[in-house]
2 protein chains.
Amino acid sequence: MKQLPTPDAARSPLHTQLDDLAFCDDSDFKTLDGLLERRQEFEAGQWVVLEDDELDRTWVVLSGWAIRFKTFEDGRRQILEILLPGDIIGLYAVMLRRADFGVETLTRMTLAAFPAAALIDVSTRAPRLALALGWLAGQGERRLDEQVTRVGRRSATERMAHLFVELYLRQRRIGVERSECGQFPLTQVILADILGMSHVHANRTFRSLNRDSLATFRDGRIILQDIVRLATRCQFDPSYLEQPAVPEDVQATLGSPA
Amino acid sequence: MKQLPTPDAARSPLHTQLDDLAFCDDSDFKTLDGLLERRQEFEAGQWVVLEDDELDRTWVVLSGWAIRFKTFEDGRRQILEILLPGDIIGLYAVMLRRADFGVETLTRMTLAAFPAAALIDVSTRAPRLALALGWLAGQGERRLDEQVTRVGRRSATERMAHLFVELYLRQRRIGVERSECGQFPLTQVILADILGMSHVHANRTFRSLNRDSLATFRDGRIILQDIVRLATRCQFDPSYLEQPAVPEDVQATLGSPA
DNA sequence: CGCAGATTTGAGATCTGTCAAGGGATGTGG
DNA sequence: CCACATCCCTTGACAGATCTCAAATCTGCG
């Protein structure tokens, strides 16, 4: 059975994601909350993870936006993904104890540290929760697959429209207010580095969407005006974002939530 | 302590990868072999996983080459990664019970089926092994990060050189004969779909490397002629392929191999 | 031989990057 | 309040990269 949202609003995005699985129960959430002891605030533009850092903890995003990226010596930068509330940063990287990427905040942000040791405990102490975290990691991998195809096989306009629709749907899922959906704190330089193009071309591409009344810019934020036409423009297929149900055999093996 | 290679040659690539961790012992390998019951042969050009298939098992590559990819309705295709012996296909996808990608063999291939149920068992029955598999998955994710960067932020020549060096190093790791290293069963159409370019441009790019005596083509295979200069050409940084040591606290928690 | 698939090349159109410059908003110090 | 710096958005011009279309060549195979 689905759980009601936790009173603690700051933690709800992760719970919302896990709730969608209809799989964890209150005791799992208690275990999770126990593991997420250290909470930490960041300002916009701060580094959370340095490239090539040794990594002894992973982070859970409670609020705010961040980017995960790689840079070259010559200054080129590729953003691998946008991190939103409910996302987990570097679940595997922490197992390897090394970050091959940097993480930087785009807005004020609340994060919860997830010590490496806890990750190993969790599989024995709360196998259902461990599976749920693996589930989230799987979601992240599916998004990364889509990022490869977006950058590799779509035109500039398609790339941008596709990213916008993805972000919109991810906001919807984590329970962002309807009126706040489709508003992104992204600069055009950041868009360029996500989509693998120069910032000049990112501007031209955005202006083109803007001329077609698909997106606009106000108060430092990108605002989507017509999701449906954006999705049409890039033949958006939302299946890679969908949350599949938990198979029955898995439920049988691990036991249903209370 | 490192284990000696298993007598069963066909299974050795996976063991080799796991051996590098110096982490699993004989009983772990026995457990692994027990899980990999169904072995299956494929011809070149066969489908292993259909796009949008329901997925009730994952596969371990024992020998041969394959690609994991996505296609569009209009025929565009993006190859997400090259699969080599020792790689695991869709470890997370199987948890989600759905493949958002296809897998197709490039050569004759031996695969071992890894039933979904076994994945859930393994974390309780052989936690060290479960961790080792997570490790491998982490390696795969790091490669995917690099694929995003390669496609998004490198020139055509850099992309191709970078892919070649990666494949060479991966062959080295899994114990391919020195004389066989740097020989790839890849067509230029496949190269194009990995690197996010047209096959015409893939040809021109390859010809350019060929003119510089960096790579050549013989008997249907690409053959690298000068790894060092290829690596220089794309400022190759091998750190994303390196196998970090198992942290001491992890060893302490799970116990050392016998 | 004839076919299918793969490589190769040329020509022209299109896309994208680089360089350069200007404008607007914001913040700081005088 | 102004001067100034900074950051971001915007645009034009041009060079270079890449795509598409088309066709020729080559190779393995039945």
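Values in this document were obtained by computation on a predicted structure and should not be read as measured data. Numbered from 1 within each chain, the chains take letters A, B, ... in sequence-line order.
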* **Verdict with reasoning, A:W47 to A:F101, per ring pair (Phe, Tyr, Trp, His ring centres under 6.0 Å)** => CA-CA 11 Å; A:W47 300 80; A:F101 51 78; over 10 Å; no
* B:F42 vs B:W59 aromatic rings, parallel, tilted or perpendicular, using cut-offs 30° and 60°? ->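 The rings of B:F42 and B:W59 stand perpendicular, inter-plane angle above 60°.
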* Should the ring pair A:F206 and A:F164 be called parallel, tilted or perpendicular, given that the plane angle runs from 0 to 90° and is split at 30 and 60? ->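 Taking A:F164 first and then A:F206, their aromatic rings stand perpendicular (interplane angle over 60°).
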Quiz question: by atom type and distance under 3.5 Å, do the side chains of [X] and [Y] form a donor-acceptor pair?
X: B:T110; Y: B:Q40; result: no
X: B:Q243; Y: B:Q139; result: yes
X: B:E51; Y: B:T71; result: yes

Counting the atoms with a prime plus P, OP1 and OP2 as sugar-phosphate, which does [X] contact under 4.0 Å by heavy atoms, base, sugar-phosphate, or nothing?
X: B:V189; value: sugar-phosphate
X: B:R207; value: sugar-phosphate
X: A:S198; value: base

* Where each residue is assigned the nucleotide of DNA chain C containing its nearest heavy atom, which of B:F217 and A:S155 is assigned the position nearer the 5′ end? ->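 Going by which nucleotide is closer to the 5' end, it is B:F217.
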* Asked: Closest nucleotide of DNA chain C for A:A156 versus for A:H199: which of these residues is on the 5' side?
  ->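 The 5'-side residue here is A:A156.
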* Lys/Arg-Asp/Glu bridge criterion (N-O < 4.0 Å) met for A:E158, B:R76 ->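 Looking at B:R76 together with A:E158, the answer is yes, because their closest N to O distance falls below 4.0 Å.
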* Asked: Between A:R98 and A:D53, is any pair of side-chain heavy atoms under 4.5 Å apart?
  ->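 They are not in side-chain contact.
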* Taking the side chain as C-beta and beyond, is there a heavy-atom pair between B:I67 and B:V103 under 4.5 Å? ->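 No, every pair of side-chain atoms sits at 4.5 Å or beyond.
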* Boundaries of the DNA chain C segment in contact with chain A, non-hydrogen, under 4.0 Å ->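 Taking any atom under 4.0 Å from a heavy atom of chain A, the span is C:dT16 to C:dC19.
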* To do: Extract, from 5' to 3' on DNA chain D, the first and final nucleotides lying under 4.0 angstrom from some heavy atom of chain A.
  =>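 Contact span on the strand: D:dC9 to D:dA13.
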* **Canonical and wobble pairing (Watson-Crick, G-U, under 3.5 Å) of DNA chain D, dot-bracket with |** => ||||||||||||||||||||||||||||||
* To do: Test A:D212 against every option in A:R233, A:R207, A:Q225 by the side-chain hydrogen bond (donor to acceptor under 3.5 Å, both in side chains) rule and name the one that passes.
  =>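 Passing option: A:R233.
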* **Minimum-distance pair of heavy atoms, taken over all atoms of B:V61 and B:L111** =>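 Between these two residues, the closest heavy atoms are CA-CD2, 3.6 Å.
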